[in-house]
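Since the structure is predicted, the reported quantities are computational estimates derived from the model, not experimental observations. In what follows, chains are A, B, ... by sequence order, proteins preceding strands, each numbered from 1.
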Protein chains: 2
Amino acid sequence: MENSTKHNNSLRTVEWKNNKVVMIDQTKLPNELVFVEYDDFNQVADAISTLVVRGAPAIGVSGAFGLALAALQSKATIKDELLSDLEHARKILFATRPTAINLGWGLEKIMDVATYGNSVEQIKELVISKAKQMADEDIEINKTMGKMGSVLFDNNDTIMTHCNAGALATVAYGTALGVIRATRESGKNIKVIATETRPIQQGSRLTVFELKHDGFDVSLIPDTAVGYSMANGLVNKVVVGADRIVKTGHVFNKIGTYQVATMAKQHGIPFYVAAPLSTIDMETKAEDVIIEMRKGSEVTGIGEKKTAPDDINVINPAFDMTPPELISGIITEKGVATAPYEESLKKLFQANL
Amino acid sequence: MENSTKHNNSLRTVEWKNNKVVMIDQTKLPNELVFVEYDDFNQVADAISTLVVRGAPAIGVSGAFGLALAALQSKATIKDELLSDLEHARKILFATRPTAINLGWGLEKIMDVATYGNSVEQIKELVISKAKQMADEDIEINKTMGKMGSVLFDNNDTIMTHCNAGALATVAYGTALGVIRATRESGKNIKVIATETRPIQQGSRLTVFELKHDGFDVSLIPDTAVGYSMANGLVNKVVVGADRIVKTGHVFNKIGTYQVATMAKQHGIPFYVAAPLSTIDMETKAEDVIIEMRKGSEVTGIGEKKTAPDDINVINPAFDMTPPELISGIITEKGVATAPYEESLKKLFQANL
């Protein structure tokens, strides 16, 4: 791993370097740590659609970097031509994961800033510096969130996490794993238990990989061993990320989160969610959130290895909902919200104004 | 599947045929239905430890068949030599899966009957006929248990099951899946949801395979989707098998059972355990049961497909403990025990005298 690009010893998922976009190819993990370099926005679009890069914050910044490449690639000599080239690239980048909220958000921010430039050269500079700033902000938010959360964890804690809310889901540092990193940086000695997270195995492929890379004491368990681990005193706290949190404190996160939270409650183990304010949706009601159903082949096999008979019905929801009564606190970059969440989340947004 | 050995349309897992032991090689499922033949008890021991055969009742009978092979293999000319050869084989067979009570039970029954013979020839005959009788009894017990349990299930129920407590875990028909088979045979229309059951995937490889083989409407879920399925009203009842039940009603079963039971309780869904009296251990205390820890490579990959980095710590317990307060009833061939279990289980054994 001598060529690994590190950010404070942590992996850097996506980066702007010498007018190129450098990414970890996550499809090669955990077997190989490979960095890929792109100088064409079409390559970035391919990378997003083939899951070279994944995780909502990482995709948002990757889209922004894609537009920065498109600006550099443009042969335009006047502003309107350049804006038209950017709009063309935006459409191609957006089409890769049209439901990912952060992707649209990242692209919009760049398109917005592009209109402020006067000359072609100025626009190119603005676009590149804005994209780099978005990447830096993602890391800063995660570090602040990490510090906010770290006070909730004690020396010698073993912390369970589910899925990958780590450096590899963000630009660097991570949300739930950012809290774990910050806890260690605060001088506390901690261990981590990562669930495998079937069917896509973000736990074994990504979380265990990046925590091992950073020298953490991490153990892997199958998703079936959550109850055993808690019943046998192997876990002191839980922290997970979130895909969406609604104002009532209902958390939508990777399938299996709900049962980890239920088992934690059963054993009196604090269960925390770490997510930036951008993940909190103060508009939508819990019952209106549509849970994406994914293809059955994710469950009936792994890679080419078939583990179930052909033509079997599969129920494969991507997310589940954890109700607020199971959640000890929601860690954000503005502070930790606790029940009642409708009140505490609103306060965090007011503090953000 | 033209060469499949069926018992009333259900698969026959282990059988004594022409002085050989014939088993379905369950490690090849669901891709191939392969029958293997053994004439050496060491092969049977290997088959048990490498999960060619698994499931408490099936390994109990397999152990007995292993001793029958050992008797046939013995060059002993006097009774004591034969008993000593059998004792040697018993130790090797017993060491394969220490947690499963049925293995010790099956081996003891054969060792017991062996002492009644006078001549070497008579002992060999006694041992073989006892082992065959135990196999037949297993099927009869499962059918009776199925009838006892079927009254607990309603028309149009969707029944969740974990792991494989089916024909493939027994000699034939199954315990938990025997109850499901008997419920259908009683004229009720039912559906089944099977959990994948990582890390060995007995759910996707075996339960889904055998239920599909028998024409059931079965859906597969990843273990992470238990909570989702229950929260979304997809499950009416749960039935699982057991590897060991102690007199207080604590159930030791496949890793993950405890969290399925907890989620069922949370959603007011009846959770049943189906197991023959031979699975009930009236001697040992729950806290004295040793849970087998299995090798990490079961969790860090699937087949040759690696899904986690090298040299990662893995916690891979084979079983967990479900406390009696989560269990709606224990279905046996002598009736259904309900709380308080210490009393109701004792009554079932008295009825058995």
Inset, instruction - Return the option, out of Arg205(B), Met263(B), Glu298(B), with the maximum number of heavy-atom pairs under 4.5 Å with chain A. - result: Met263(B)
Legend entry - CD1-CG distance between Ile312(A) and Leu211(B), expressed to the nearest 0.5 angstrom: 8.5 Å
Legend entry - Sub-4.5 Å side-chain heavy-atom contact between Leu220(A) and Thr300(B): yes
Legend entry - Verdict with reasoning, Ile291(A) to Asn232(B), per side chain to side chain contact (heavy atoms under 4.5 Å, CB included): CA-CA 11 Å; Ile291(A) 290 185; Asn232(B) 288 276; 5.8 Å; no
Legend entry - Residue pair Pro309(A) / Val208(B), side-chain heavy-atom distance below 4.5 Å: yes
Legend entry - Counterpart residues, side-chain contact (heavy atoms from CB on, under 4.5 Å), relative to Pro270(A) (two or more places apart): Lys237(A), Tyr272(A), Ser328(A)
Legend entry - Segment of Leu29(B) engaging chain A (4.5 angstrom heavy-atom cut-off): neither
Inset, instruction - Take atom NZ of Lys285(B) as the centre, draw a 6.0 Å sphere, and report whether it contains more than 12 heavy atoms from other residues, nucleotides or ligands. - result: no
Inset, instruction - Tell me, out of Thr307(B), Val299(B), Asp311(B), who's got the most heavy-atom pairs with chain A below 4.5 Å. - result: Thr307(B)
Legend entry - Any side-chain heavy-atom pair of Thr262(A) and Gln259(B) under 4.5 Å: no
Legend entry - Asp223(A) and Pro222(B), any side-chain heavy atoms less than 4.5 Å apart: no
Legend entry - Structural part of Leu234(A) lying under 4.5 Å from a heavy atom of chain B: side chain
Inset, instruction - Look at Gly203(A), Gly296(A), Ala194(A), Ala225(A) and state which one has the largest set of heavy-atom pairs under 4.5 Å with chain B. - result: Ala225(A)
Legend entry - Residue, of Pro30(B), Gly256(B), Ser229(B), Gly227(B), that accumulates the most heavy atom pairs under 4.5 Å with chain A: Pro30(B)
Inset, instruction - Apply the test side chain to side chain contact (heavy atoms under 4.5 Å, CB included) to residues Tyr258(A) and Met230(B): give CA-CA distance (whole Å), side-chain angles for both, the deciding distance (0.1 Å), then the verdict. - result: CA-CA 11 Å; Tyr258(A) 171 43; Met230(B) 291 180 176; over 6 Å; no
Inset, instruction - Evaluate the side chain to side chain contact (heavy atoms under 4.5 Å, CB included) criterion for residues Gln201(B) and Arg198(A): first the C-alpha distance (whole Å), next the side-chain angles of each, then the deciding distance (0.1 Å), finally the verdict. - result: CA-CA 11 Å; Gln201(B) 291 158 294; Arg198(A) 280 284 285 158; 4.1 Å; yes
Legend entry - Engaged part of Asn31(B) at the chain A interface, taking heavy atoms whose separation is under 4.5 Å: side chain
Legend entry - Beyond-backbone contact of Lys254(A) with Thr224(B), side-chain heavy atoms, under 4.5 angstrom: no
Legend entry - Contacts of residues 314-326 of chain B with chain A (heavy atom under 4.5 Å): Val314(B), Ile315(B), Asn316(B), Pro317(B), Phe319(B), Asp320(B), Leu326(B)
Inset, instruction - May I ask you to decide if Asp310(B)'s main-chain N or O and Lys212(A)'s side chain share a donor-acceptor pair within less than 3.5 Å? - result: yes
